[in-house]
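All ligand and atom numbering here is 1-based and tracks the order in the structure. Being a predicted model, the structure only gives us computed values, none of them experimental.
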Amino acid sequence: MDFHGANVLVTGASRGIGAAIARVLAKEGLKVWINYRTSVEAADRLKKEIEEAGGRAALIPFDVANEAEFVEGIATIVESDGGLAYLVNNAGITKDKLAMRMGVADFEEVLRANLTSAFIGCREALKVMGKRRFGSVVNVASIVGERGNPGQVNYSASKGGMIAMTKSFALEGAPRNVRFNVVTPGFIETDMTQQLKEEIKERYVEQIPLGRFGKPEEVAWAVAFLLSDHASYITGTTLRVNGGLYT
Ligand code: NAP
């Protein structure tokens, strides 16, 4: 896969989809900055794994929901490594509850962690990448942001907002040759879906045309494509990675 730049920041890369994205991008020759909030050991293991396989990685822990920390994290990469060409806004949380029982605090916490964080990342990336007239950002949203899901009004609002926001960033970034795209995974085997009850998982699988949950790597390759120069004429698009569940 062709990559023009050298450095990528992947948020929420200690586990799940983010870790798979980090592995794939390191294999493709990028230096991967692994962001996480609390999972120090998992992040450290991933860094060692990448290095043992001949790749380059660095750890950059911060809370993506904290504006000052995110801004400082990007500045650290730019100052120490001479630039940032790629960003994947992948970090995300769920806090599921039926809407009638959901407090404003539960709603806003998920919005802040999933959407406001991605806004901060996209804005800072546009400043840094825009100066160099080159860059590519991929946001990790969700099928739930496209079609909704009971118990997830907060999560669906955050991911639907992310899809719309990506289109606006794409329009602002295009004159500076900075591309913004979004992937919408369906149900993927990670800690996030591990929380689901077995009977609920079975019900979902029955509805998925490919008959199974996806693997983190299957999302990672879609992200890598959109990030890469192979997608140089693609911006503002949504790529669905959902086994045919929503087309
Ligand atoms: P996961 O296994 O729960 O991992 C979440 C990652 O995000 C962890 O690395 C976590 O770091 C990090 N994180 C969470 N809040 C953070 C914060 N405030 N600051 C920095 N890092 C933070 O989740 P996943 O299933 O891989 O999901 C990754 C992304 O894909 C999310 O945006 C999710 O909404 C989206 N997605 C997932 C699915 C699915 O089926 N799994 C489907 C559609 C979309 P720590 O370990 O340090 O907490």
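Of the candidates A91, G16, G92, A118, the one placing a heavy atom closest to atom 5 (C) of ligand 1 is G92. The closest non-hydrogen atom to atom 25 (O) of ligand 1, taken over T190, I34, N35, comes from T190.
Residue contacts with ligand 1: T11 is excluded, as none of its non-hydrogen atoms falls under 4.0 Å. At least one heavy atom of G186 sits closer than 4.0 Å to an atom of ligand 1. Using a 4.0 angstrom heavy-atom cutoff, F213 does not count as in contact with ligand 1. Heavy atoms of A141 approach ligand 1 to within less than 4.0 angstrom. Residue contacts with ligand 1 leave out E189, since none of its heavy atoms falls under 4.0 Å from the ligand.
Contact annotation for S39 and ligand 1: heavy atoms of both the backbone and the side chain come within less than 4.0 Å of the ligand. Proximity of N114 to ligand 1, defined as any heavy-atom pair under 4.0 Å, is not found for any part of the residue.
With rounding to the nearest 0.5 Å, the separation of OH in Y155 from OG1 in T94 is 7.0 Å.
Taking the six-membered ring for Trp and thresholds of 30 and 60 degrees, Y204 and F213 have ring planes inclined between 30 and 60 degrees apart.
The pair R23-E49 meets the salt-bridge criterion, with a side-chain N (NZ, NE, NH1 or NH2) lying under 4.0 Å from an Asp/Glu carboxylate O. Using a 4.0 Å cut-off between charged side-chain N and carboxylate O, E146 and R240 make a salt bridge.
Of the N and O atoms on the side chains of N35 and T11, not one donor lies less than 3.5 Å from an acceptor on the other residue.
Between N181 and N139 there is no side-chain heavy-atom pair separated by less than 4.5 Å.
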